[in-house]
Amino acid sequence: MTSPHPRLTLGEEVRDALRDGRPVVALESTIISHGMPYPQNVEMATEVEEIIRAEGAVPATIAVLHGRPRVGLGRDDLELLATSPEVGKVSVRDLARVMARGGHGATTVASTMRIASLAGIRVFVTGGIGGVHRGAPHSFDISADLTELSTTPVAVISAGVKSILDIGLTLETLETLGVPVLAYGTDDFPAFYSRVSGFASPLRADSPEEIAAIMRAQWDLGLTAGLSIANPVPEADEIPAERIDGIIERALAEMTAAGVTGKDTTPYLLGRIVELTEGESLATNIALVKNNARLGARIAISYAATAEDPRG
């Protein structure tokens with residue numbers, strides 16, 4: 001394996017797996033600190049790690065603790081992320097400042113991708129990716145997740161673009177940035193809480209092996225963009241679009257009235273949607289993350305196997 005960046009601290013389990021060429025799956029930490037209430041957040045994080053282990057891969061939850069990017073966390077670390085008010089939301093632009101100050105940071109999709117890549121990890125599981133915010137033609141509010149996907153060779157498994165965003169503009173932007181967007185087992189692009197967004201998926205893949213082969217071909221060509229793998233929420237756990245759309249519109253209107261902007265928008269909206277759905281959206285969020293973890297582990301296993309295949 002390529003030696004990880006000297007600024008990183010790798011957990012023993014992750015370090016050994018990377019050294020031996022075994023499959024590793026990165027996990028973000030913003031979903032723990034800013035995406036769910038306690039104690040569901042730490043319970044979810046622990047269960048997702050166990051799902052990945054049960055599938056035969058090694059989980060690597062990523063965060064900045066005491067100024068040091070950490071790849072692979074212990075139970076105490078997860079508790080700190082889940083409960084401490086000192087844990088900030090850290091995207092790529094914030095990494096250096098938090099490190100220099102010796103602070104704690106929960107990593108977003110973008111910063112988790114960057115740290116995972118520095119560690120030599122190619123597969124990353126999250127809930128939903130960021131994208132172009134509604135009203136972006138006027139606000140220019142576009143998630144750094146998209147630019148990171150265009151420059152960092154990591155496959156990101158999600159349940160699609162978060163429903164609170166402008167999905168159509170997000171897909172157009174990803175096309176412009178040269179990011180392959182594949183829906184898993186469907187021609188319809190999923191929308192986080194819902195299995196269907198109303199937009200066709202640019203590409204489709206039907207097995208972890210196919211996705212691993214696409215990853216290998218992408219990076220063997222010297223293309224540096226990552227891949228966005230959109231995995232629909234299980235049918236039994238989804239909130240149909242016709243029901244969630246009105247709730248999202250109400251939450252957006254309340255956010256505008258409250259003057260919430262910038263990086264606070266997503267935590268505000270997700271929290272308000274949990275309140276408006278009386279917890280149903282939280283249950284859906286947890287279910288889709290677990291579903292993504294299973295697929296992500298299988299992709300990581302298939303990708304690791306291609307390194308041993310002389311045709312890979």
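Along the sequence shown, the residues carry numbers beginning at 1. We use all heavy atoms of the structure for the numbers below, so side chains are in, but hydrogens, waters and symmetry mates are not.
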Supply the atom-to-atom distance Asp145 CG to Ser150 OG, rounded to the nearest 0.5 angstrom. 11.0 Å

Nearest heavy-atom contact between Arg195 and Pro232 is NH1-CB, 3.8 Å

Carboxylate-amine/guanidinium contact Arg75 Glu49, below 4.0 Å: no

Mark yes or no for whether Ser197, through its side chain, and Phe189, through its backbone, hold a donor-acceptor pair below 3.5 Å. yes

Can you confirm whether the side chains of Ser281 and Thr277 place a donor and an acceptor under 3.5 Å from each other? yes

Any donor-acceptor pair under 3.5 Å linking the side chain of His34 with the backbone of Val87? yes

Taking the cut-offs as 6.0 angstrom to the six-membered ring centre and 45 degrees off its axis, would you call Arg204 and Tyr184 a cation-pi pair? no

Compare all side-chain heavy atoms of Thr284 with those of Ile244 and state whether any distance is below 4.5 angstrom. no

Please check if the side chain of Thr61 supplies one atom and the backbone of Gly72 the other of a donor-acceptor pair under 3.5 Å. no

Between Thr83 and Glu79, a side-chain donor and acceptor under 3.5 Å: no

Test item: Ile157 and Val123 side chains (from C-beta on) under 4.5 Å apart, heavy atoms: yes

Under a 4.5 Å cut-off applied to non-hydrogen side-chain atoms, are Val58 and Val14 in contact? yes

Which residue, Leu118, Ile121, Thr112, Val24, forms the side-chain contact (heavy atoms from CB on, under 4.5 Å) with Val71? Ile121

Would you confirm whether Thr265, through its side chain, and Thr261, through its main-chain N or O, come within 3.5 Å as a donor-acceptor pair? no

Tell me whether Arg68 contacts the main-chain N or O of Arg7 through its side chain, where contact means a donor paired with an acceptor under 3.5 Å. yes

Does a side-chain heavy-atom distance below 4.5 Å link Leu10 with Leu18? yes

Working to the nearest 0.5 Å, report the span between CG of Leu269 and CD1 of Ile248. 8.5 Å

Between Asn292 (side chain) and Leu288 (backbone), is there a donor-acceptor pair under 3.5 Å? yes

Is it the case that the side chain of Ser194 and the backbone of Val196 share a donor-acceptor pair, with hydrogens and angles ignored and the cut-off at 3.5 Å? no

Approximate separation, where rounding is to 0.5 Å, of Ser163 OG and Ile247 CD1: 11.0 Å

Sorted by chain and residue number, the salt bridge (charged side-chain N to carboxylate O under 4.0 Å, His left out) partners of Arg134 (sequence neighbours excluded) come out as Glu249

Does Glu148 use its side chain to pair, donor to acceptor, with the backbone of Met113 at less than 3.5 Å? no

Rounded to the nearest 0.5 Å, what separates atom CG in Asn231 from atom CG in Asn291? 4.5 Å

With rounding to the nearest 0.5 Å, note down the distance linking CG in Asp237 to CD1 in Ile286. 10.5 Å

With a 4.5 Å cut-off on side-chain heavy atoms, are Glu175 and Pro202 touching? no

Side chain proximity check, Ser201 to Leu182, heavy atoms < 4.5 angstrom: no

Decide whether Thr176 and Thr173 meet the rule of one side-chain donor and one side-chain acceptor closer than 3.5 Å. no

Can you establish whether the number of heavy atoms outside Glu172 located under 6.0 Å from its atom CD is more than 12? no

Do the side chain of Trp219 and the main chain of Val154 share a donor and acceptor less than 3.5 angstrom apart? no

May I ask you to decide if Asp94's main-chain N or O and Ser91's side chain share a donor-acceptor pair within less than 3.5 Å? no

Qualifying salt bridge (Lys or Arg N to Asp or Glu O under 4.0 Å) pairs, either residue in residues 277-304, two or more places apart: Glu47-Lys290, Glu55-Arg298, Arg243-Glu280

Taking atom types as modelled, is there a side-chain donor on Thr108 or Glu28 under 3.5 Å from an acceptor on the other? no

Assess, by modelled atom type and distance only, whether the side chains of Thr152 and Ser117 contain a donor and an acceptor separated by less than 3.5 Å. no

Closest approach of Met215 to Tyr303 (non-hydrogen atoms, all atoms of both residues): CE-CD1, 3.6 Å

Spacing of Phe199 atom CZ and Asp188 atom CG [to the nearest 0.5 Å]: 12.0 Å

Could you please spell out the steps behind the salt bridge (Lys or Arg N to Asp or Glu O under 4.0 Å) verdict for Glu13 and Arg22? CA-CA 11 Å; Glu13 183 183 21; Arg22 291 184 283 121; over 6 Å; no

Decide, yes or no, whether a salt bridge links Arg70 with Asp77 under the criterion of side-chain N to carboxylate O below 4.0 Å. yes

Applying the side-chain contact (heavy atoms from CB on, under 4.5 Å) test to Leu146, which of Val109, Thr170, Val179 qualifies? Thr170

